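Reviewing the structure listed below.
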Amino acid sequence: MSNALEIRGLRAAIGDLEILKGVDMQIPFGEIHALMGPNGSGKSTLSHVLMGKPEFAASGSMLLDGTELIGLAVDERARLGLFEAFQYPVEVPGVSLGEFVAELADAAGNGSYLDRVAAATADLGMERFLDRPINEGLSGGEKKRSEMFQMAISTPKLAVLDEIDSGLDVDAVREVAGLVEGARSDSLGVLLITHYSRILNYMQPDRIHVMIDGRIVRSGGPEVAADLEASGYEALRAEMGLIPERDPLLDLP
Ligand SMILES: Nc1ncnc2c1ncn2[C@@H]1O[C@H](COP(=O)(O)OP(=O)(O)OP(=O)(O)O)[C@@H](O)[C@H]1O
Ligand SMILES: [Mg+2]
């Protein structure tokens, strides 16, 4: 199976501040990978750099289904099949979800697109949101559902879902996890960014990567999330020799 995403030696900086310090990752088509890590480790930066947010200077290589993304504009990346659900979904007052979808349908210019929209609208129970401005006044869970709807209708090759579980109650987390699993297909790779292993209780990621200080320090199966749940990120940091397990100042007489 070929790779939806292949990242090699990816570095990214804002000004003098290097945030990603050499990231390697491959997500084969058909797989869901989780990216975990403590606050400020660079997870959202990775999603921004994939999408091409202009303030980050990126070097290395990021292949989307074999096509190099570095150097391409945001809209070119989207057209190639990159979809991103933001950690903080933006509200778009004055544009209803239905109008937005109609624009996308025009751009797609084919009838099967409308069939897909109808199917996703029914599957995700989106009828009552189509007349409302995008994300405006939606609850946290409703916003995430709307993001999953947009993913379903845009049939991306790679979906990057940044904290799709944050701010959700336990039932909504289970529901969102089900939606992600439901979107699993041989023509899609998913990168799911999360702090907590909670959402992973309701889905079956093929691989879990842990990012600390701008590097992937561990990758593996479900045991990675279980270990983190048991001992936290600090233990992993110490194990990797990234910081002393004990602050040496505490040992001074
Ligand atoms: N525009 C920016 N200007 C300066 N520093 C930034 C900028 N964007 C991100 N950073 C810094 O880069 C580091 C990584 O941030 P990032 O948002 O990628 O972390 P994260 O892993 O997503 O954290 P969280 O789990 O809290 O969402 C942080 O120290 C952050 O302050
Ligand atoms: Mg983040």
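As the structure lists them, so they are numbered: ligands from 1, and atoms in each ligand from 1. Everything numeric here is computed off the predicted structure, so don't read it as measured data. Computed from heavy atoms alone, side chains included, the values below leave out hydrogens, waters and symmetry copies.
- Between L228 and M36, some side-chain heavy-atom pair lies under the 4.5 Å cut-off.
- One finds no salt bridge joining D123 and R116 here, because no Lys/Arg side-chain nitrogen approaches an Asp/Glu carboxylate oxygen to under 4.0 Å.
- Salt bridge annotation for E147-K144: absent, with no cationic side-chain nitrogen under 4.0 angstrom from a carboxylate oxygen.
- Enumerated by chain and number, the residues approaching ligand 1 to less than 4.0 Å through a heavy atom are I14, L17, I19, P38, N39, G40, S41, G42, K43, S44, T45, Q87, E163, H195.
- Residues R145 and E142 are not paired through a salt bridge, judged by the lack of any N-O separation under 4.0 Å between the basic side chain and the carboxylate.
- Between R207 and E31 no salt bridge is recorded (no basic side-chain N to carboxylate O distance below 4.0 Å).
- The CG atom of L82 sits 4.5 Å away from atom CE of M51, with the distance rounded to the nearest 0.5 Å.
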Go through the steps to decide whether L63 and L69 satisfy the test side-chain contact (heavy atoms from CB on, under 4.5 Å), and finish with yes or no. CA-CA 6 Å; L63 302 179; L69 294 178; over 6 Å; no
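- Residues E91 and P133 are not in side-chain contact: their nearest non-hydrogen atoms beyond the backbone lie 4.5 Å or more apart.
- Protein N, O or S atom count below 2.8 Å of the Mg ion (ligand 2): the structure gives 2.
- By the 30° and 60° cut-offs, the orientation of the rings of H48 relative to F56 is parallel.
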